[in-house]
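Okay, so here's the structure we're looking at.
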Amino acid sequence: MGEGPQVKTKASQYDPTPCYPVLADAVAVGWADAAGTLPKGTRVLAVDGPAVLDWAAVAAGLRAAFDDRRAPVEFADVRTAVRDWETVRRLTDSEELRGDPDFARLAGGDLSDLMDPQALAALADPGKGGAGGSGPGESGAGEGGAGEGGAGESGLGEGGALRVLLGPGAALADADVLWWADLPKRYAEAAVKHGRGRNLAAPEDEPPNLRRLLYIDWPLLDRHRDHMAGRIDRWIDVTDTVGPTSIGGQALRETCRSLAARPFRTRPTFNSTPWGGHWGQETLGHNPDAENTALGYELIAPESGVLLGDDASRCVEVPFQLVVALSPVDVLGPAVHEMFGTSFPVRFDYLDTVGGGNLSVHCHPRPDDMRDVFGWPYTQHETYYLMRAGDHSKVFLGLREGADVQAFHHSAHAADAHGTPFDIERYVQVFSAEAGQLYLVPAGTPHGSGEGNVVLEVSATPYLYSLRFYDWLRRDAADRQRAVHVEHAFRNLDPARSGEAVARELVQSPRPLSAGDGWREELLGALPAMFFQVHRIAVEPGRTAEQETDGRFHVLTVVDGQGAVITTAAGHRHSVHYAETIAVPASVTSYRVHNQGPEPVRLVKAQVV
């Protein structure tokens, strides 16, 4: 078993808004500043971005900015150039999960598949087809930033009005300048949960749907954004629709590429759930007014953002995945890039049940099911590192020896269909939660954290397919019994993860890897089926641990002690404090972890093998 925590740290230095300077540009604030950078001679401006964005507010901001400049402008809503809704649904549905209330297959294809090319061309040049789109400031769309190069007095083409194309897919039209209006995904998810916004290519009267947002909209829009990244003339963060922040496209790309050569952090976020605890609030100071801080994303490629600017009050947030897409070899390393393309394959997050409840007992799809049914090319292997454990806390992991799977299935079905409780420990093993211990959770293994724990979840990136066996008959905010996924879960249950083999294979003891003067590194857990390993680095006060990336990225979290300073061979320095997570790109090659504090420090490290 692992060693317990050496220090009970109050994370007073935890930084929830790490920022990085913008290269060769300053962060502009407001629509007027963005409009003022439009190059002279621009005839068609495309403003692309997520579907759930409040495009009417964006259009109003742009209209006011151009009105102030006395510039004639025509607006066109690109959402009028999508294919009919039935065609869109047919193109984005899958036979395997058609009608599933919770899951959909991860969308393939391109955004262009959902657009009518003739209608799109007509929006950019009405003379070619006569498509009108929305009138100025009507249901309009758009948000703007600025093109690069010299800005004219009005930014208008000679002899006519500027035509502004607003909405997802605008970049597919023939335009002189491309602006990208972005909204961090945490806001998009919150909007849809509250019934605001529209799904991608959906008609205006179609209620927004979280299932489509997560599995259809985001994959399509992310691929579209990454494909267009080299063309973007201005990036606009529309978290504040009245006073958006923006930077030029060249500065965006240069700054993202500079991050690919140095350690950096993503902006952490916490969500509330019915089982959530309060460690994130009480120890890290996150979301003090929230119901709880159940799920904390430290680094998760599909949703995490990076803040660019001199401070959090005046910055733009860009997707972490965009940093990877612009420099995949530098970030991931050649071998990992060959294996995973531009997908960053490891995530770090917190599961906080301190003062909360048990997580559901669930599993994740086995590789074939993940690929063939759910659409991810690799599956969701996980590990639990116990940052903190309650006095009587548990970890649910693996089947009991000789568990009657048929009876388990019957009990789970009765709980789901009829609200009949059952004792999950009849079927699933329970381990005492020990701080400092790593528990491995390969796909198909039933598992869950008990109440009173803080789990640092070091996992493969897929995160949307938790298949619940049992959720304690818990109720949601609408007083409905929370959904479980009995048939999906039992189809993916791995019966080999049972009995004594669970303790032997999935609850491993640390093994020494390397050591030096005042430091050591140990392997906490590895399995042949899992493509990543979890290590732990321990450094005494005043000592330095030497590290090599060996052509693969590292991700580290300080799990004990005040923190450390990471210094790369190129001279980049970055402090990382208790509970903070940092990415070290493969291109860093070598770095040192120096403990400047008065007490020992330990860091959990993950790397692809």
Side-chain angles (χ1 to χ4, degrees), residues 19-50 53 58 61-62 65-66 68-69 71 73 142-157 162 164-166 170-171 173 175-184 224-262 264 267 305-327 330:
C19 301
Y20 300 91
V22 177
L23 301 184
D25 199 3
V27 176
V29 179
W31 294 113
D33 284 355
T37 60
L38 194 65
K40 186 176 181 180
T42 302
R43 294 180 179 275
V44 180
L45 166 65
V47 186
D48 209 321
L53 186 62
V58 169
L62 277 173
F66 284 119
D68 288 345
R69 300 175 66 83
V73 182
E143 174 178 331
E148 300 180 7
E153 291 185 2
S154 67
L156 299 181
L162 172 68
V164 181
L165 311 181
L166 301 165
D176 304 309
V177 174
L178 172 60
W179 290 353
W180 201 273
D182 199 59
L183 182 70
H224 174 59
R225 177 204 63 218
D226 292 352
H227 182 68
M228 296 297 171
R231 288 182 43 206
I232 294 171
D233 295 302
R234 193 159 194 87
W235 181 274
I236 308 170
D237 179 341
V238 200
T239 302
D240 181 351
T241 57
V242 176
T245 53
S246 62
I247 58 174
Q250 189 61 33
L252 168 75
R253 289 182 285 276
E254 288 184 13
T255 304
C256 287
R257 286 173 180 140
S258 75
L259 291 175
R262 54 160 295 172
F264 66 97
R267 183 192 190 280
V306 183
L307 298 176
L308 305 182
D310 293 332
D311 62 73
S313 65
R314 189 185 178 102
C315 63
V316 298
E317 184 169 341
V318 302
F320 170 71
Q321 184 56 47
L322 184 64
V323 178
V324 180
L326 286 168
S327 304
D330 288 343

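Within the 4.5 Å cutoff, side-chain heavy atoms of Leu162 are placed close to those of Leu38. Using a 4.5 Å heavy-atom cutoff, the side chains of Ser327 and Val323 are not in contact. Between Pro319 and Asp182, some side-chain heavy-atom pair lies under the 4.5 Å cut-off.
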Inset, instruction - Quick one: do Leu62 and Val73 satisfy side-chain contact (heavy atoms from CB on, under 4.5 Å)? Show the steps, please. - result: CA-CA 10 Å; Leu62 277 173; Val73 182; over 6 Å; no
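Between Trp180 and His224, the ring-plane angle classifies as tilted under the 30° and 60° cut-offs.
Looking at every heavy atom in both residues, Ala170 comes nearest to Ala46 through O-CB, 3.5 Å. Among all heavy-atom pairs drawn from Val22 and Gly309, the shortest one is CG2-N, 3.8 Å. Of all non-hydrogen atoms in Phe320 and Phe264, the two that sit nearest each other are CE1-CZ, 3.6 Å.
Looking only at distances, a side-chain donor or acceptor of Arg253 sits under 3.5 Å from a matching main-chain atom of Ile232. In this structure, the side chain of Asp176 engages the main chain of Arg43 through a donor-acceptor pair within 3.5 Å. Listed for the Asp48 side chain is a donor-acceptor partner under 3.5 Å among the backbone atoms of Ala171.
Rounding to the nearest 0.5 Å gives a distance of 14.0 Å between CG of Asp68 and CH2 of Trp31. Between Trp235 atom CH2 and Thr245 atom OG1 the span is 11.0 Å, to the nearest 0.5 Å. The SG atom of Cys19 lies 6.5 Å from the CG atom of Asp311; values are rounded to the nearest 0.5 Å. A distance of 11.5 Å separates CD in Glu254 from CG in Leu326, rounded to the nearest 0.5 Å. Between the CG atom in Leu23 and the OG1 atom in Thr255 there is a gap of 4.0 Å [rounded to 0.5 Å]. Atom CG of residue Leu259 and atom CG of residue Asp330 lie 11.5 Å apart, to the nearest 0.5 angstrom.
Checking each of Pro244, Cys315, Pro184 against Asp237 for a side chain to side chain contact (heavy atoms under 4.5 Å, CB included) leaves exactly one that passes, namely Pro184.
When the side chain to side chain contact (heavy atoms under 4.5 Å, CB included) test is applied to Ala28, the partners found at least two apart in sequence or on another chain are Asp33, Arg234, Ser246.
Annotation: Asp240, atom CG; neighbour count of heavy atoms from other residues, nucleotides and ligands within 6.0 Å is above 12.
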